[in-house]
Amino acid sequence: RSRHEEVTGKISIFDTKLAMMEFFVNNSEEENDLLYKALEESSKEKFPDQWAKGLVVYTSLFEEDENYDQGPFAELVRDLFLQRRMEYLEDIFLVLSECSKDGMVRVDQASKTVKAVDPDINDDLLMEYVARGFNMKLKDFSYMYEGTISSFEFVENLKKGGLSRVNAKKKGKLKEKWQRGNML
């Protein structure tokens, strides 16, 4: 928004970088650098005059061209999301495989695994993920369920919906770092 509260579709490069750090809390510094370079490339390509003024036209960052291609920024964002999702699923699968002797998993093992892989996950999201892993609707799910499922099936079921690692501690550390002036 501008100073007069009208929506302009533009924000400062500084605020864009801050938003990226808040949103991509699990990125390494190298990934943040790549993301910033992709942002610069996408922005300069479409709106060089705005970039020169220190502004990003955020409304254009995910637009497709006539061939349905998106710019470098949108492509990298998609790649990072997929990478994080796969890492999360792999971590869950590895821990599940270690804690089950016969490859079969109980609800308590699945719950402890997801919590171990994602310590900051809240109880509601944990329950949603475990229910989905057991291919159950949340309304029908109970931690008292006594059935088992293979660790492979659990992860395959978990893939069927939205999934992302919660990491409030790292997010808080980034905020602290930025507030001290060390990030930008």
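Neither Leu94 nor Met104 shares a network with the other; the hydrophobic side chains, linked directly or stepwise wherever heavy atoms of I, L, V, M, F, W or Y lie under 4.5 Å apart, form separate groups for each. Clustering ILVMFWY residues whenever any of their side-chain heavy atoms sit less than 4.5 angstrom apart, transitively, puts Met20 in the very cluster that holds Val77. Residues Leu55 and Leu35 do not share a hydrophobic cluster, clusters being chains of Ile/Leu/Val/Met/Phe/Trp/Tyr side chains in contact below 4.5 Å. Side-chain heavy atoms closer than 4.5 Å link hydrophobic residues (I, L, V, M, F, W, Y) into clusters, and following such links, even through other members, never connects Ile11 to Val57.
Within the structure, no pair that satisfies the ring pair (Phe, Tyr, Trp, His ring centres under 6.0 Å) test touches residues 30-55, not counting sequence neighbours. Residues in residues 99-111 take part in these salt bridge (Lys or Arg N to Asp or Glu O under 4.0 Å) pairs, two or more places apart or across chains: Arg106-Asp108. The stretch residues 124-138 participates, sequence neighbours left out, in these side chain to side chain donor-acceptor pair (under 3.5 Å) pairs: Glu128-Arg132.
Residues Ala110 and Leu96 come closest through the heavy atom pair CA-CD2, 3.9 Å. Smallest separation of non-hydrogen atoms from Val56 and Leu61: CG1-CD1, 4.0 Å. Shortest non-hydrogen contact noted between Glu153 and Ile149 is CB-CG1, 3.5 Å. Nearest heavy-atom pair across Phe141 and Val130 is CZ-CG1, 3.5 Å. Nearest approach of Asp123 to Tyr143, heavy atoms of both residues: O-OH, 4.3 Å. Shown here for Cys99 and Thr113, the closest heavy-atom pair between the two residues is SG-OG1, 3.8 Å.
Within the 3.5 Å criterion, the main-chain N or O of Phe62 finds a donor-acceptor partner in the side chain of Gln70. Although no hydrogens or angles enter the test, the distance criterion places no donor-acceptor pair under 3.5 Å between the side chain of Lys44 and the main chain of Pro48. In this structure, Ser43 contributes its side chain and Leu39 its backbone to a donor-acceptor pair below 3.5 Å. Side chain of Asn157 to backbone of Phe134: no donor-acceptor contact under 3.5 angstrom is found. Put simply, the side chain of Lys46 gets close to the backbone of Ser60: a donor and an acceptor are under 3.5 Å apart. Judged by distance alone, the side chain of Glu45 and the main-chain N or O of Ser42 form no donor-acceptor pair under 3.5 Å.
At least one side-chain heavy atom of Asp118 sits less than 4.5 Å from a side-chain heavy atom of Tyr88. Side-chain contact check for Lys10 versus Lys53: every heavy-atom pair is 4.5 Å or farther apart. Side chains of Glu156 and Lys159 form a contact here, defined as non-hydrogen atoms less than 4.5 Å apart. Inter-residue side-chain proximity for Arg165 and Asp91 is flagged as met; some heavy-atom pair is nearer than 4.5 Å. Counting heavy atoms from C-beta outward, Met136 and Tyr145 have side chains that approach closer than 4.5 Å.
Atom NZ of Lys112 has 12 or fewer heavy atoms from other residues, nucleotides or ligands within 6.0 Å. Annotation: Glu146, atom CD; neighbour count of heavy atoms from other residues, nucleotides and ligands within 6.0 Å does not exceed 12. Heavy atoms of other residues, nucleotides or ligands lying less than 6.0 angstrom from CZ of Phe152 number 12 at most.
Taking CD of Glu22 as the reference point, atom CG of Asp15 lies at 11.5 Å (rounded to 0.5 Å). Separating the CG atom in Asp120 from the CG atom in Leu126 is a distance of 12.5 Å, to the nearest 0.5 Å. A distance of 12.0 Å separates CG of Leu34 from CZ of Phe73, quoted to the nearest 0.5 Å. One finds the CZ atom of Arg85 at 8.0 Å from the CG atom of Leu82 (value rounded to the nearest 0.5 Å). The distance from atom CG of Leu158 to atom CG of Leu89, rounded to the nearest 0.5 Å, is 5.5 Å. From Glu41, atom CD reaches atom CD of Glu75 across 11.0 Å, with rounding to the nearest 0.5 Å.
Looking at Lys37 and Glu40, no side-chain N of the basic residue comes within less than 4.0 Å of a carboxylate O on the acidic one, giving no salt bridge.
Phe93 has its ring centre no less than 6.0 Å from the ring centre of Phe154.
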